[in-house]
Amino acid sequence: MTMKRPRGTADVTPGDIARWRYIEDIAREVCHLYGYGEIITPTMEDTELFRRTVGETTDIVEKEMYTFEDRSGRSLTLRPEGTAPTARMYLQENLYSVAQPVKLAYVGCPFFRYERPQAGRMREYHQFGVECFGSADAAVDAEVIALACDFLHRTGVDQLQLGVNSIGCPDCRNDYREALRDHFEPHLEQLCVDCQRRYEVNPLRLLDCKREECGDKAAGAPSMLQYLCGECAAHFAELREHLERFGLPHEVDQTLVRGLDYYTRTVFEITHHTLGAHDVVCGGGRYDGLVEVLGGDPTPAVGFGLGIERLLLILEEEEIELPSVPGLDCFIIYIGEDAKGAGLQLLQELRSEGISADTDYLERSVRAQMRFADRYPSRFAVLLGADELEAGVVTLRDMSDGSQQSVPRNELTAVLRDAVR
RNA sequence: GUGGCUGUAGCUCAGGCGGUUAGAGCGCCAGGUUGUGGCCCUGGAGGUCGGGGGUUCAAGUCCCCUCAGCCACCCCA
């Protein structure tokens, strides 16, 4: 084995694919139920799109993007997240001119981040995400969260934790940022090096440092919620009422601060204990300023991203039963070269009638063909040999109990169609 | 990007202080059944011991580098 897949990427084999389809099918179903329309955006975008929206000082932009120049010298980037591209599409496809709000969803799209891989953290990973543009109503925040929870429950996942917080609008956040700086300033020397950097770049991050020395300093820090302006506070209160109404238990987590610059007001995370260090399976929030940053009219919006690989890990950990891969309806076993032609013809007849069918291509013994049919697994086996050819019949074997019957050739499709229905 | 653990057959793993042809279970293939799967029995194929270099008479085993996976940071889905 000389060629290997790139670090942090994964192959999905036929044995794995049922799990993916299971998740994607439920995602599409839930999107339909909530009125979200599926979209596909390009895997790569103009690098500037992410620099401007995600934020110059974020880890994503500073060190995690797959950025390259194409042959004409344009700088392109393999998308590291889905919200900015969706906002870009909203503007470029004039979706602001259709009936608002506009609800969009993407299912199983690939994203790329150059990071050190771990279980649940890939360089190429996949997300199910939704974005709703055009409404500032806290009920939409609640709807988006409800959709995520609903989806996760339908996949069979339990014991999820929903954390919510508000980081306010730019105005109240600026006040709060200053208050935080005032609080930490006297202890600046004692903070870890990372926090000293955070102090300058993103003071909100000072709150969720896991180091003990920093945690102590954060203990008495002012809370964001105290600094929310009237509208932001009302929005957050409303969101919580709606969540109650929807029967969605949640915790207000004041250390919850999303990493990307475009978030405003509502931020939330859904976590699951089996995931370990990166226990976030779904994260999202409101981003009322994003569309404007991209040159559109001010447009309130809210959405989330949900990691497929992480959900897969949870499903596995929780040993949630997934629908098994459908087997084959019928396996055709031919005995002797003479029967092969008739067998192949029968094979195509069955397929054209919507009956899944396969046959042996390795000229194996009857015994081996039977075993192959068994392993497939195949519901029925059709045996075709000299005896059957002469009589114009086939021997139809039910693999579940071994019972056999002789069926006229021209009646086989009808018999099987009834049997597999 | 930092620190740590691991890496033997398709899979899960054995291989005392270096010593001849590297093993097991499962899986795969074939036979036991001149035309019949699952269970059982017998046999077979399959290994650059992750890769490269070094020490040594001798390296799966010791040392260095490298790659990959995992864990903890950082950060995030």
Side-chain angles (χ1 to χ4, degrees), chain A residues 1-10 13 15 54 57-64 79-83 106 108-129 148 152 192-195 197-198 202 205 208-211 256-260 269-272 275-284 303-314 331 333-336 338-339 360 362 364-389 394-404:
Chain A
M1 172 71 78
T2 48
M3 298 294 289
K4 288 182 174 170
R5 79 177 93 88
R7 186 171 198 197
T9 63
T13 63
V54 173
T57 64
T58 58
D59 279 20
I60 292 178
V61 171
E62 273 184 353
K63 50 192 188 192
E64 295 176 359
R79 59 180 171 197
E81 59 96 44
T83 301
Y106 46 90
C109 295
F111 293 91
F112 304 84
R113 253 122 103 156
Y114 186 86
E115 291 185 278
R116 191 128 159 192
Q118 240 170 279
R121 189 169 71 180
M122 311 286 286
R123 288 185 173 178
E124 180 183 16
Y125 66 103
H126 299 77
Q127 274 187 207
F128 159 41
L152 288 167
C192 68
V193 282
D194 289 327
C195 280
R197 204 178 71 101
R198 292 187 183 111
N202 189 353
R205 282 238 158 262
D208 65 353
C209 182
K210 279 117 196 157
R211 284 171 181 269
L256 177 45
V257 181
R258 308 251 78 222
L260 296 78
E269 279 180 356
I270 301 174
T271 56
H272 192 268
L275 250 28
H278 8 264
D279 54 358
V280 179
V281 64
C282 174
F304 70 71
L306 190 151
I308 306 277
E309 284 85 353
R310 287 191 183 175
L311 176 54
L312 248 15
L313 287 177
I314 297 172
F331 191 87
I333 292 168
Y334 61 87
I335 302 152
D338 293 346
D360 171 64
L362 293 175
R364 283 186 279 209
S365 66
V366 175
R367 174 185 159 87
Q369 291 184 65
M370 277 297 262
R371 187 162 44 206
F372 192 63
D374 185 51
R375 301 287 152 87
Y376 220 109
S378 181
R379 179 90 193 282
F380 291 96
V382 158
L383 287 103
L384 191 54
D387 300 347
E388 285 86 353
L389 278 181
V394 298
T395 299
L396 180 62
R397 181 182 178 88
D398 186 331
M399 295 297 279
S400 61
D401 60 12
S403 63
Q404 297 192 166

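Naming: A, B, ... by sequence-line order, numbering from 1 per chain. Bear in mind that the values here come from a model prediction, so they are computed numbers and not experimental data.
- Note on A:Glu309: nothing from the nucleic acid sits closer than 4.0 angstrom, heavy atoms only.
- Within the 4.0 angstrom heavy-atom criterion, no nucleotide atom of any strand lies near A:Arg5.
- Between A:Arg79 and A:Cys109, the closest heavy-atom pair is NH2-CB, 3.3 Å.
- Residue A:Arg367 places no side-chain atom within donor-acceptor reach of the base of B:rG37, judged by atom type and a 3.5 Å distance cut-off alone.
- At whole-Å resolution of the value, CD in A:Glu64 and C1' in B:rG1 are 10 Å apart.
- Between the side chain of A:Glu269 and the base of B:rA77 there is no donor-acceptor pair of N/O atoms closer than 3.5 Å.
- Within the 4.0 angstrom heavy-atom criterion, base atoms lie near A:Gly402.
- Comparing A:Ala386 and A:Met122 against RNA chain B, the residue whose closest nucleotide sits nearer the 5' end is A:Ala386.
- Residue A:Arg375 is in sugar-phosphate contact alone, with no base atom involved, counting any heavy-atom pair closer than 4.0 Å across all strands shown.
- Within the 4.5 Å cutoff, no side-chain heavy atoms of A:Arg371 are placed close to those of A:Arg364.
- Atom C1' of nucleotide B:rA45 and atom CG of A:Leu362 are separated by 15 Å, given to the nearest angstrom.
- Per the geometry, OH belonging to A:Tyr114 stands 14 Å off C1' belonging to B:rU2, to the nearest Å.
- Residue A:Gln127 is classed as a sugar-phosphate contact, given heavy-atom separations below 4.0 Å to backbone atoms only.
- For the pair A:Leu383 CG and B:rG37 P, the computed distance is 10 Å after rounding to whole Å.
- No contact: A:Gly284 has no heavy atom under 4.0 Å from any strand.
- Checked by distance alone, A:Arg121 brings a side-chain donor or acceptor within 3.5 Å of a matching partner on the base of B:rC74.
- Nucleotide B:rA68 holds its P atom 16 Å from the CD atom of A:Glu124, rounded to whole Å.
- Interface remark: the A:Arg397 side chain does form a donor-acceptor pair with the B:rU36 base, using a distance-only criterion of under 3.5 Å.
- If you check every strand for non-hydrogen atoms under 4.0 Å, A:Ala373 touches nothing.
- A donor and an acceptor atom never sit less than 3.5 Å apart when one is taken from the side chain of A:Arg371 and the other from the base of B:rU36.
- Rounded to the nearest Å, the gap between the P atom of B:rG60 and that of B:rU21 is 10 Å.
- Judged by centroid separation below 5.5 Å and plane tilt below 30°, A:Phe111 does not stack onto the base of B:rA77.
- Within the 4.0 angstrom heavy-atom criterion, no nucleotide atom of any strand lies near A:Gly336.
- A:Lys63 places its NZ atom 11 Å from the P atom of B:rC74, with the value rounded to the nearest Å.
- For the pair A:Arg116 and A:Val281, nearest-nucleotide mapping onto RNA chain B gives the more 5' position to A:Arg116.
- Atom name C1', nucleotides B:rA72 and B:rC64: the rounded distance is 26 Å, in whole Å.
- Contact annotation for A:Glu388: base contact, defined as any heavy-atom pair under 4.0 Å involving a base atom.
- The aromatic rings of A:Phe372 and A:Phe331 stand perpendicular to each other, their planes meeting at an angle above 60°, with 30° marking the opposite boundary.
- For A:Arg310 against B:rC76, a side-chain-to-base donor-acceptor contact under 3.5 Å is present.
- A donor-acceptor contact shorter than 3.5 Å is absent between the side chain of A:Glu115 and the backbone of A:Glu64.
- Rounded to a whole Å, the CZ atom of A:Arg364 is 11 Å from the P atom of B:rC28.
- Spacing between atom CG of A:Asp279 and atom P of B:rC75 amounts to 14 Å, rounded to whole angstrom units.
- Aromatic ring orientation, A:Phe304 versus A:Phe128: perpendicular (interplanar angle above 60°, classes split at 30° and 60°).
- Between A:His126 and A:Glu309 the shortest side-chain heavy-atom distance falls below 4.5 Å.
- A:Ala368 comes within 4.0 angstrom of the backbone, heavy atoms only, and of no base.
- Here the side chains of A:Val280 and A:Arg310 are in contact, with some heavy-atom distance below 4.5 Å.
- In this structure, of B:rC76, B:rG35, B:rC75, it is B:rC75 that holds the atom nearest to the side chain of A:Asp59.
- Neither OP1 nor OP2 of B:rG69 sits under 4.0 Å from any side-chain N or O of A:Gln118.
- Rounded to a whole angstrom, the distance from the P atom of B:rU8 to that of B:rG47 is 15 Å.
- Using a 4.0 Å heavy-atom criterion, one finds that A:Ser400 contacts the bases of the nucleic acid, with or without backbone contacts as well.
- Within the shown strands, B:rU2 is the pairing partner of B:rA72 under the Watson-Crick or G-U definition, both distances less than 3.5 Å.
- Between A:Leu306 and A:Leu152 there is a side-chain heavy-atom pair separated by less than 4.5 Å.
- For A:Ser365 and B:rG31, the shortest distance from a side-chain N or O to OP1 or OP2 is below 4.0 Å.
- Side-chain atoms of A:Gln404 and base atoms of B:rU36 include a donor and an acceptor less than 3.5 Å apart.
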